[in-house]
Amino acid sequence: MSNAKTPNHQVEHWLREWERTLSGDDPTAAAELFEQNGYWRDLVSFTWNIKTVEGHAALRDMIGATVANTKPFDWNLAGDAREENGVVEAWITFQTAVGRGHGHLRLREGKAWTLLTTLKELRDYPEQRNALRPKGARHGVFKNRKSWLEERREEEAELGYSRQPYCVIIGGGQGGIGLAARLRQLNVPTIVVEKNPRPGDSWRNRYKSLCLHDPVWYDHMPYLPFPDHWPVFSPKDKIGDWLEMYTRIMEINYWGSTECTSARFDEEKQEWLVEVNRDGERVTLRPQQLVLATGMSGMPNVPEIPGMEDFQGEQHHSSKHPGGEAYAGKKCVVLGANNSAHDICAALWEHGADVTMVQRSSTHVIKSETLMDLVLGPLYSEEAVNNGITTEMADMTFASIPYKVMPQFHVPVYEQVAEKDADFYCRLRDAGFMLDFGDDGSGLFMKYLRRGSGYYIDVGACELVANGDIKLRSGVGIERINAHSVTLTDGSELPADLIVYATGYGSMNGWAARIISQEVADKVGKCWGMGSDTTKDPGPWEGELRNMWKPTRQQALWFHGGNLHQSRFYSQFLALQLKARMEGLDTPVYGQQEVHHLA
């Protein structure tokens, strides 16, 4: 192969032309370095936003609007590029007026198919780690010397009282804790407010059988990965203990047993007034930034069904389900057929309950071992680690695929899944279970990104459904609840001592409505989904997840959530946005999303 055609040369040539056209203030020429329908995904480095654009017209607009302020330079290939099936892929680095960036490039026939640019560091405000780590000891002899413990206790006593935090995070699950750890490393004074007493309680309080359905390689927290002996699928209480330990080691200012009762933004003072009840003490916090880190979901969806008030048994949402121990010999009805419903049904069966799953609509199911083998394995597995793929490389690779393109990558994989487990799917269908692979056959991750629901990663419950141990009523809902039974929409009746509503959650902006106001919730609009015009994700196309990890239509209000992988990866970009604002850097937001849906 001649040097002119090597992958390295192709990338280096493209980067030279890219830098030349950007520095020459020629958006048209820069856009023409992309395919006609090429994609540029930027995470904060150019747009101070999370933004994807497609096609020459949109590329020209974004280039023209952002380059003068960003002042990008020093574009370089990082490592060797590689070529497969006509696509050249490469890691790249660059710098901007305020920071250092890292990215990924895909070329086809010399044109950019996809470009990812991310802000990795604010040059003047780096994290204090590696060569910049604090010394710890203060060598010398000093009167009135304070120990680390004394300084830490002093900070805990002052912050929120005599000194206000710059940021308050509502929600102390893995998302809020991970973001707080990032902000700690950036010296952003932050308080995490959590209604449960201890870090990790949001996991400990879930049903007894809960384990993570994602593998350990996918679930690391920022800075402190799980140790090499950690189980592949973490039990909930083990995760709870890890989060509690993590909170202490990362020196997070964590206010447990604290509930946020209200919040409002003071336009004149440009700060929030956040009222909290801290273990019986009323405290007013005045942060300049407020983050709702209540997970990717909002308030529990509890359906309103005629007769609920007359039911003589026990009924609760899946988020309140304690486990199966108390229901031996009981008639149990679980409304729903996704992850929680399957887990709860299996646990009830294990404890001797007579359990019926009511499936209203189809569910995507994938066996855990198949998910590991065909879907996650190339990036998140022991094999991937042995192949030199770090967590950061895996996260960046996943992020480099624009959401518009992602189904093209996933459909062929899920065709393999369907073929590999054809007998398994046949047995489920024969039992009456309604299956799908998403509206377009793109499977689990697209369904998760589009709607955050409608799937189950099978860790054993499907066998109970297939063989009838878990009874199934599909294609129906509950029309009425009676004193000791439920009437289904087909007119049939099921005796019931327990009803579990495994019916999911609303949009995260439901928390904004509850804590701030309905007006603000409507102002920011629906969270999650990207406008794919598929089931539960109405159009128009928006290209990124609504409102997540980026500026919203309410000044100084942010949403943080998602699974452990998303919380880990996107927390770094949210933290950089908050740090930049604290330091007074110019942060002009390009392409802020319009609000098309309220919930």
(request) Could you tell me whether the side chains of Tyr246 and Gln174 share a donor-acceptor contact shorter than 3.5 Å? (result) no
(request) Could you check if a side-chain atom of Leu371 sits within less than 4.5 angstrom of a side-chain atom of Ser368, using non-hydrogen atoms only? (result) no
(request) Please lay out, stage by stage, how Glu259 and Arg278 fare under the test salt bridge (charged side-chain N to carboxylate O under 4.0 Å, His left out). (result) CA-CA 7 Å; Glu259 186 169 4; Arg278 189 183 188 191; over 6 Å; no
(message) If I compare all heavy atoms of Val333 with all of Ala496, which pair ends up nearest, and what's the gap?
(response) CG2-CB, 4.0 Å
(request) Please name the pair of heavy atoms, one in Gly176 and one in His560, separated by the smallest distance, quoted to 0.1 Å. (result) N-CD2, 4.2 Å
(message) Could you check whether any side-chain N or O of Ser507 sits under 3.5 Å from a backbone N or O of Gly510, counting only pairs where one atom can act as donor and the other as acceptor?
(response) no
(message) The test is side-chain hydrogen bond (donor to acceptor under 3.5 Å, both in side chains); show your working for Asn196 and Asn205 and say whether it passes.
(response) CA-CA 9 Å; Asn196 289 308; Asn205 294 340; 3.2 Å; yes
(message) Does the structure place the NZ or CZ of Arg41 under 6.0 Å from the centre of the six-membered ring of Tyr403, at an angle of no more than 45° from the ring's axis?
(response) yes
(request) Give, for atom CZ of Phe433 and atom CD1 of Ile470, the distance between the pair rounded to the nearest 0.5 Å. (result) 10.0 Å
(message) Strictly distance-based, threshold 3.5 Å: is any side-chain N or O of Asn49 a donor or acceptor partner for the main-chain N or O of Lys51?
(response) no
(request) Classify the side-chain pair Asp214/Asn563 by whether it contains a donor and acceptor separated by less than 3.5 Å. (result) no
(message) Taking Lys331 first and then Asp497, would you say they form a salt bridge - that is, a charged N and a carboxylate O separated by under 4.0 Å?
(response) no
(request) Check the surroundings of atom CD in Glu304: do more than 12 heavy atoms from other residues, nucleotides or ligands lie under 6.0 Å from it? (result) no
(request) Quick one: do Arg568 and Asp219 satisfy salt bridge (charged side-chain N to carboxylate O under 4.0 Å, His left out)? Show the steps, please. (result) CA-CA 8 Å; Arg568 173 186 66 245; Asp219 291 334; 5.9 Å; no
(request) Report yes or no: is the cationic atom of Arg182 (NZ for Lys, CZ for Arg) under 6.0 Å from the centre of the six-membered ring of Phe573, at an angle within 45° of the ring normal? (result) no
(message) Closer than 3.5 angstrom, by distance alone: can the side chain of His364 be matched with the main-chain N or O of Asp436 as a donor-acceptor pair?
(response) yes
(request) Locate the shortest heavy-atom distance separating Pro412 from Pro407; write the atom from each residue and the value. (result) CD-O, 4.3 Å
(request) Check step by step if side-chain hydrogen bond (donor to acceptor under 3.5 Å, both in side chains) holds for Ser485 and Glu493. (result) CA-CA 7 Å; Ser485 66; Glu493 190 170 347; 2.5 Å; yes
(message) I need the Cys332 SG to Trp349 CH2 distance, nearest 0.5 Å.
(response) 14.0 Å
(request) Output the distance between atom CD1 (Ile481) and atom CD (Glu479), rounded to the nearest 0.5 Å. (result) 11.5 Å
(request) Determine, stepwise, if the pair Asn338 / Ser453 fulfils side-chain hydrogen bond (donor to acceptor under 3.5 Å, both in side chains). (result) CA-CA 7 Å; Asn338 297 331; Ser453 64; 5.0 Å; no
(request) Could you tell me whether the side chain of Cys260 reaches within less than 4.5 Å of the side chain of Glu275, counting heavy atoms only? (result) no
(request) Kindly compute the distance separating CG (Asp439) from CZ (Arg450), expressed to the nearest 0.5 Å. (result) 7.0 Å
(message) If the threshold is 4.0 Å, N to carboxylate O, is there a salt bridge linking Asp537 and Arg546?
(response) yes
(request) May I ask you to decide if Gly256's main-chain N or O and Thr258's side chain share a donor-acceptor pair within less than 3.5 Å? (result) yes
(message) Treating Arg204 as the side-chain partner and Gly240 as the backbone partner, does any N or O pair qualify as donor plus acceptor under 3.5 Å?
(response) yes
(request) Assess the side chains of Gln566 and Tyr448: does a donor N or O sit below 3.5 Å from an acceptor N or O? (result) yes
(request) Check whether any side-chain heavy atom of Trp255 sits under 4.5 Å from a side-chain heavy atom of Glu194, and report yes or no. (result) no
(message) Can you tell me if Glu419 has over 12 outside heavy atoms packed within less than 6.0 Å of its CD?
(response) no
(request) Look at the side chain of Asp373 and the backbone N and O of Glu369, then say whether any donor-acceptor pair between them is shorter than 3.5 Å. (result) no
(request) Ignoring hydrogens and angles, tell me if any N or O in the side chain of Ser567 forms a donor-acceptor pair with the backbone of Leu564 under 3.5 Å. (result) no
(message) Contact between Arg473 and Ser492 at the side-chain level, heavy atoms closer than 4.5 Å - yes or no?
(response) yes
(message) For Tyr207 and His317: C-alpha separation, side-chain torsions, deciding distance, then whether ring pair (Phe, Tyr, Trp, His ring centres under 6.0 Å) applies.
(response) CA-CA 11 Å; Tyr207 51 90; His317 189 264; over 10 Å; no
(request) Answer yes or no for Lys536 and Trp528: cation-pi contact, defined as NZ/CZ to six-membered ring centre under 6.0 Å and angle to ring axis within 45°. (result) no
(request) For the pair Ser474 (side chain) and Gly432 (backbone), establish whether a donor and an acceptor sit closer than 3.5 Å, ignoring hydrogens and angles. (result) yes
(request) Decide yes or no for Leu212 and Ile239: does some side-chain heavy atom of the first lie under 4.5 Å from some side-chain heavy atom of the second? (result) yes
(request) State whether the number of non-hydrogen atoms from other residues, nucleotides or ligands found under 6.0 Å of Asp228 atom CG is greater than 12. (result) no
(message) Would you say that Val465 contacts Arg427 through its side chain, given a criterion of any heavy-atom pair below 4.5 Å between the two side chains?
(response) no
(request) Would you mind checking if Asp354 and Lys330 are paired as a salt bridge, meaning a charged N to carboxylate O distance below 4.0 Å? (result) no
(message) Centroid separation under 6.0 Å, is that true for the rings of His220 and Phe226?
(response) yes
(request) Indicate, with yes or no, if the rings of Tyr425 and Phe437 have centres closer together than 6.0 Å. (result) yes
(message) Using a strict threshold of under 4.0 Å (side-chain N to carboxylate O), is an ion pair present between Lys195 and Asp201?
(response) no
(message) Looking at Tyr254 and Ile191, would you say the former's side chain and the latter's main chain have a donor-acceptor pair under 3.5 Å?
(response) no
(request) Calculate, to the nearest 0.5 Å, the distance between atoms OH and CD belonging to Tyr223 and Gln572 respectively. (result) 8.5 Å
(request) Verify whether one side chain among Asp421 and Thr370 offers a donor that lies under 3.5 Å from an acceptor in the other. (result) yes
(message) With a 6.0 Å cut-off on the ring centroids, do Tyr570 and Trp549 count as close?
(response) yes
(request) First locate atom OG of Ser361, then atom CE of Met434, and finally report the distance between them rounded to the nearest 0.5 Å. (result) 6.0 Å
(message) Are more than 12 heavy atoms, taken from residues, nucleotides or ligands other than Asp430, located less than 6.0 Å from that residue's CG atom?
(response) yes
(message) Quick check: do Pro235 and Asp237 have side-chain heavy atoms less than 4.5 Å from each other?
(response) no
(message) Looking at Arg553, I'd like to know if its CZ atom is crowded, meaning that more than 12 non-hydrogen atoms belonging to other residues, nucleotides or ligands lie closer than 6.0 Å.
(response) yes
(request) Flag the pair His565 / Phe398 as yes when their ring centroid distance falls below 6.0 Å, and as no otherwise. (result) yes
(message) Regarding Thr52 and Glu544, do their side chains bring together a donor and an acceptor under 3.5 Å, going by distance alone?
(response) yes
(request) Measure up the His316 and His321 rings against each other and bin them: parallel (under 30°), tilted (30 to 60°), perpendicular (over 60°). (result) tilted
(message) Less than 6.0 angstrom from the centroid, inside 45 degrees of the normal: does Lys550 satisfy that with respect to the ring of Trp558?
(response) no
(request) Report yes or no: do Tyr455 and Asn339 form a side-chain donor-acceptor pair below 3.5 Å? (result) no
(message) Taking Val459's backbone N and O only, do any of them form a donor-acceptor pair with Tyr456's side chain (distance below 3.5 Å, no angle check)?
(response) yes
(message) Does atom CD (Glu383) have a neighbourhood of more than 12 heavy atoms from anything else shown, all under 6.0 Å?
(response) no
